Amino acid sequence: MIQNLVIVESPAKAKTIEKFLGKEFVVKSSFGHIRDLSKKNLGIDIEKGFKPEYIVNDDKKKVVDDLRKSVAESETVWLASDEDREGEAIAWHLSEVLKLDKKKIKRIVFHEITKDAIQNAIKNPRGIDYNLVNAQQARRILDRLVGFELSPILWKKVKPALSAGRVQSVAVRLLVEREREVFAFSSSSFFKVVALFKGDTEIKAELSEKLLTLKEALDFIENCKTAIFTVSDVSKKPSKKTPAPPFTTSTLQQEASRKLNFSVSQTMTIAQKLYEAGHITYMRTDSVNLSDTAIDAAKKTIIEEFGEKYHNPRRFKTKSKGAQEAHEAIRPTYFDKQKITGSTGEQRLYDLIWKRTIASQMSDAQLEKTTVTINISTSTYKFIASGEVILFDGFLRVYLESTDDDSDESGKDLLPPMKAGQILTPKEITANERFTQRPPRYTEASLVKKLEELGIGRPSTYAPTISTIITRGYVLKEDREGIIRKYISILLKSGKITKEEKTEITGAEKAKLFPSDIGIVVNDFLVEYFKNILNYNFTATVEKDFDEIAEGKIEWAKMIEQFYRPFHKDVEKTLLESDYSKGERVLGTDPKTGKSVTVRIGRFGPIAQIGENDTEKNVKAQYASLLKGQLIETITLEEALSLFNLPRNLGLYEEKEVVIGIGRFGPYVRHASKFFSLKKEDNPITINLPRAIEIIEEGRKKEREKVIRVFEEESSLQLLNGRWGAYINYKGDNYKLPKGSDPQKLNYSDCIKIVNEQKPTNKKKKVSGKTKR
DNA sequence: CAGTGAGCGAGCTTCCGCTTGACTT
């Protein structure tokens, strides 16, 4: 007989809590939600007041059975899921599914996993908050209605297997609109003037005004030839810097992206490992709060490591919309552990978390900013030199938060002492043409930041949302090469002016999110017919209603009713009235044939088309796929026409034709009826024969290396080289090698053993009820 | 698989949030 059974959401949490409680407590985990709306159909009976049909998923049956056994043996069941909407619902689902006797259950909550917090919680049990549960049901039902009514419209009107939802569709919209801002942006140029003055240390000063034209710049520089430069003012201002709050999920994702180049999902996987190893607190949180225990422990470490002067305890307030604050901020569990053992990724992420948390409890940095104004005798403009001295480093000693834009130039130098009236001699003055910046494309992390600002999505869904919009093909995560841009540079040195044209690379992108054609078409369709759902404030608006449900002010079914009736009318209207949406655009006419050139989404992606099919006259349209990076919205007539130069015959190699084309898997070179894919950097329109031969040879080499060994004993058993290293192929099935085995040393019986012991890895298996995102 | 298809029709796809493995050619 168990006296007390405690149920929490996470097994790692269960392990920790068990240590804090006495022997009379057994702690188990529900592994998150234990049941959900049926997936076979809508799972909601609309006519019966939106009655939900809940089902215990197959992969949760074991968990539920196990809990059921424990419950049968226990006197009291403590439902200790998180103190937020979802957590309350989990507690309720548990009580329903496990058919818990109301007298037997106690609902407890804590925001931090500390001994005090947990013992305190045990002393203050309450009942299940049904209002909060209903708010969760409303949230769940609304999301299901939106997702399961919108997606099928897309299957009919755009393409099968597409999806739409309250969160993902808005995420895509953000990307599409940003991309359009990028298209629409026209950059203008100006001249930035910088002077270097002689001195013990060189003084760098920037002109107070941007000069807009070349003539202005030339005139100004000309005037500088004879000018006298006098220091007119030296002003010193104290300033300070304050540390950033401890990490939440989204800020951790952002900083790990900026400082460590981790993707959002990489960060979460590594954080999960750190959490399971007991190194950090829970990694899915929207709270910046630290427990008293943590604040004390940080204090101790800071004073020991850096001294009293560096310590300044702080409490931070969460600002983000819709935060539910069921957990602490993400912090090290033990501050005295400055380093941990584990993979490099784990060590680096832990280091980041350690530093960020410690810095948040440290003193402000004290700075002194100096601004020197320099008069120019021949102009009303002034040069400004600015410098910064750190008087006391404070938290900067361990950590400084990064920013998204990397254009952090000048102004941070140390300046030599100067005083008003002092005359400065220029070493050189340059006027470089600069360009206004287009808006930046989103990275995974900056998209998460934006979604959080809008109150859309939750810490547990940021990473899955990004992978959903990528796997649906709405969005591509890509690097793009920059283009070469010319700019004018004017230099005044030793009394002589030189003007030259220089070049720079601009617009290169690394791991940025780009909307695809299908993403754009789907977005435009949804924005046209479902403005309300696609509105950036939609989530915020319904969240207000959910809050009112949680407070018991309104009834959940009424709220859903009010949302659903007009929404469903729109659904029916759209199904009836909207056209099939292919995103077609007419580019113009083909000068060769006089036929019209159009681009649209075809069965296998975006295509260009010349003319129409006419079966009576036996006229066939010509088709060509768009290249990677080309969009229906922006492709020009010329670019589209050049696609029709494919397939292109480049000539002969080994007496066989070398042909370039574009297929299902992108650009290829065909030779002797074999296909090899072109590399990312190759352009099929411009590629030449020598390069094509290189690709053919490379492909042949890979093919030769593919087979490591075929066994004489049985020809159907092969050792092959794949994308992830060596593997075994036996009668068409693949088997992975045990870790650390050397493929060169495996003999026939080793391989047979592996085949018999392992399940094949390439079996297409239908995982019932499991969401693959 | 290296094309953008015929005609008919059955059967399938999908949401968000809470969790962790299982698994990847």
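In what follows, every chain begins at residue 1, and chains take the letters A, B, ... in the order their sequences are listed. Source: prediction; values computed, not measured.
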Please list, for nucleotides 4-6 of chain B, all pairs of protein and nucleotide N/O atoms separated by less than 3.5 Å.
residue: B/dT4; atom: O4; partner: A/Ser625; partner atom: OG; Å: 2.4
residue: B/dG5; atom: OP1; partner: A/Tyr623; partner atom: OH; Å: 2.5
residue: B/dG5; atom: N7; partner: A/Arg603; partner atom: NH2; Å: 2.5

**OP:** Would you indicate which nucleotide in B/dC16, B/dA2, B/dT20 comes nearest to any side-chain atom of A/Tyr668?
**Re:** B/dA2
**OP:** Measure the distance from CD1 on A/Ile44 to C1' on B/dC16 and round it to the nearest whole Å.
**Re:** 12 Å
**OP:** Ignoring hydrogens and angles, answer whether the base of B/dC18 and the side-chain atoms of A/Arg458 contain a donor-acceptor pair closer than 3.5 Å.
**Re:** no
Original post:
For A/Gly32, which contact category applies under a 4.0 Å heavy-atom criterion: base, sugar-phosphate, or nothing?
Top reply: base
Subject >> Side-chain N,O (A/Arg284) to OP1/OP2 (B/dT19) below 4.0 Å >> reply: yes
Original post:
What's the closest nucleotide to the A/Ser10 side chain, out of B/dT20, B/dT13, B/dT14?
Top reply: B/dT20
**OP:** Just jot down the ring pair (Phe, Tyr, Trp, His ring centres under 6.0 Å) partners of A/Tyr536, sequence neighbours excluded, or say none.
**Re:** none
Original post:
Distance under 6.0 Å and angle within 45° of the ring axis: does A/Arg144 meet both against A/Phe148?
Top reply: yes
Subject >> Closest to side chain of A/Gln272, choosing from B/dC15, B/dC18, B/dT20 >> reply: B/dT20
**OP:** Check the distance between B/dG17's P and A/Lys60's NZ and give it to me in whole angstrom.
**Re:** 16 Å
Original post:
Can you find an N or O donor on one side and an acceptor on the other, under 3.5 Å apart, linking the side chain of A/Arg144 with the base of B/dC16?
Top reply: no
**OP:** Apply ring pair (Phe, Tyr, Trp, His ring centres under 6.0 Å) to A/Phe110 and list each qualifying residue two or more places apart in sequence or on a separate chain.
**Re:** none
**OP:** Please name all residues satisfying ring pair (Phe, Tyr, Trp, His ring centres under 6.0 Å) with A/Tyr275, sequence neighbours left out, ordered by chain then number.
**Re:** A/Tyr282
Original post:
At under 4.0 Å between heavy atoms, what does A/Tyr462 touch on the DNA or RNA strands: base, sugar-phosphate, or nothing?
Top reply: nothing
**OP:** State which residues pass side chain to side chain donor-acceptor pair (under 3.5 Å) with A/Asn134; sequence neighbours excluded, sorted by chain then number.
**Re:** A/Gln137
Original post:
Name the stems that DNA chain B belongs to, where each is three or more consecutive Watson-Crick or G-U pairs with both distances under 3.5 Å?
Top reply: none
Original post:
Nearest to the side chain of A/Glu276 - B/dT19, B/dT20, B/dC15?
Top reply: B/dT20
Original post:
Hey, is the side chain of A/Arg166 poking within less than 4.0 Å of OP1 or OP2 on B/dT14, counting only N and O atoms?
Top reply: no
Original post:
Under the side chain to side chain donor-acceptor pair (under 3.5 Å) test, which residues partner A/Lys60, sequence neighbours left out?
Top reply: none
Original post:
Donor-acceptor pair, A/Ser625 side chain versus A/Ile607 backbone, under 3.5 Å?
Top reply: no
Subject >> All side chain to side chain donor-acceptor pair (under 3.5 Å) counterparts of A/Lys477, not counting sequence neighbours >> reply: A/Glu444
**OP:** Using the ring of A/Trp92 (Phe, Tyr or Trp, six-membered ring only), decide whether A/Arg35 places NZ or CZ under 6.0 Å from its centre and within 45 degrees of its axis.
**Re:** yes
**OP:** Report yes if at least one side-chain N or O of A/Thr461 is closer than 4.0 Å to OP1 or OP2 of B/dG17; otherwise report no.
**Re:** yes
**OP:** Have a look at A/Ala164 and say if it touches a base, only the backbone sugar-phosphate, or nothing, with a 4.0 Å heavy-atom cut-off.
**Re:** sugar-phosphate
Original post:
Of all residues at least two apart in sequence or in a different chain, which pass the side chain to side chain contact (heavy atoms under 4.5 Å, CB included) check with A/Lys156?
Top reply: A/Leu575
**OP:** Without swapping roles, check the side chain of A/Asp517 against the backbone of A/Ile632 for a donor-acceptor pair under 3.5 Å.
**Re:** yes
Subject >> Sugar-phosphate only, base, or nothing, as touched by A/Val167 at under 4.0 Å among non-hydrogen atoms >> reply: sugar-phosphate
Original post:
Is the ring centre of A/Phe31 under 5.5 Å from the base ring centre of B/dT20, and are the two planes under 30° apart, so that they stack?
Top reply: no
**OP:** Give A/Pro647 one of three labels, base, sugar-phosphate or nothing, depending on what nucleic acid heavy atoms sit under 4.0 Å from its own.
**Re:** nothing
Original post:
Between atom NZ in A/Lys13 and atom C1' in B/dT19, what is the gap in whole Å?
Top reply: 11 Å
**OP:** Would you classify A/Leu145 as touching base, sugar-phosphate or nothing, given that sugar-phosphate means primed atoms plus P, OP1 and OP2, and contacts are heavy atoms under 4.0 Å?
**Re:** nothing
**OP:** Calculate the interatomic distance between A/Ile7 atom CD1 and B/dC18 atom C1'; express it in whole Å.
**Re:** 15 Å
Subject >> B/dG17 OP1/OP2 closer than 4.0 Å to side-chain N/O of A/Gln136 >> reply: no
Subject >> Contact under 4.0 Å: A/Ser29 side-chain N or O vs B/dT19 OP1/OP2 >> reply: no
**OP:** Under 4.0 Å between any heavy atoms, over every strand shown, what does A/Arg85 touch: base, sugar-phosphate, or nothing? Just pick one.
**Re:** nothing
Original post:
Reckon A/Ser151 has a side-chain N or O less than 4.0 Å from the OP1 or OP2 of B/dT13?
Top reply: no
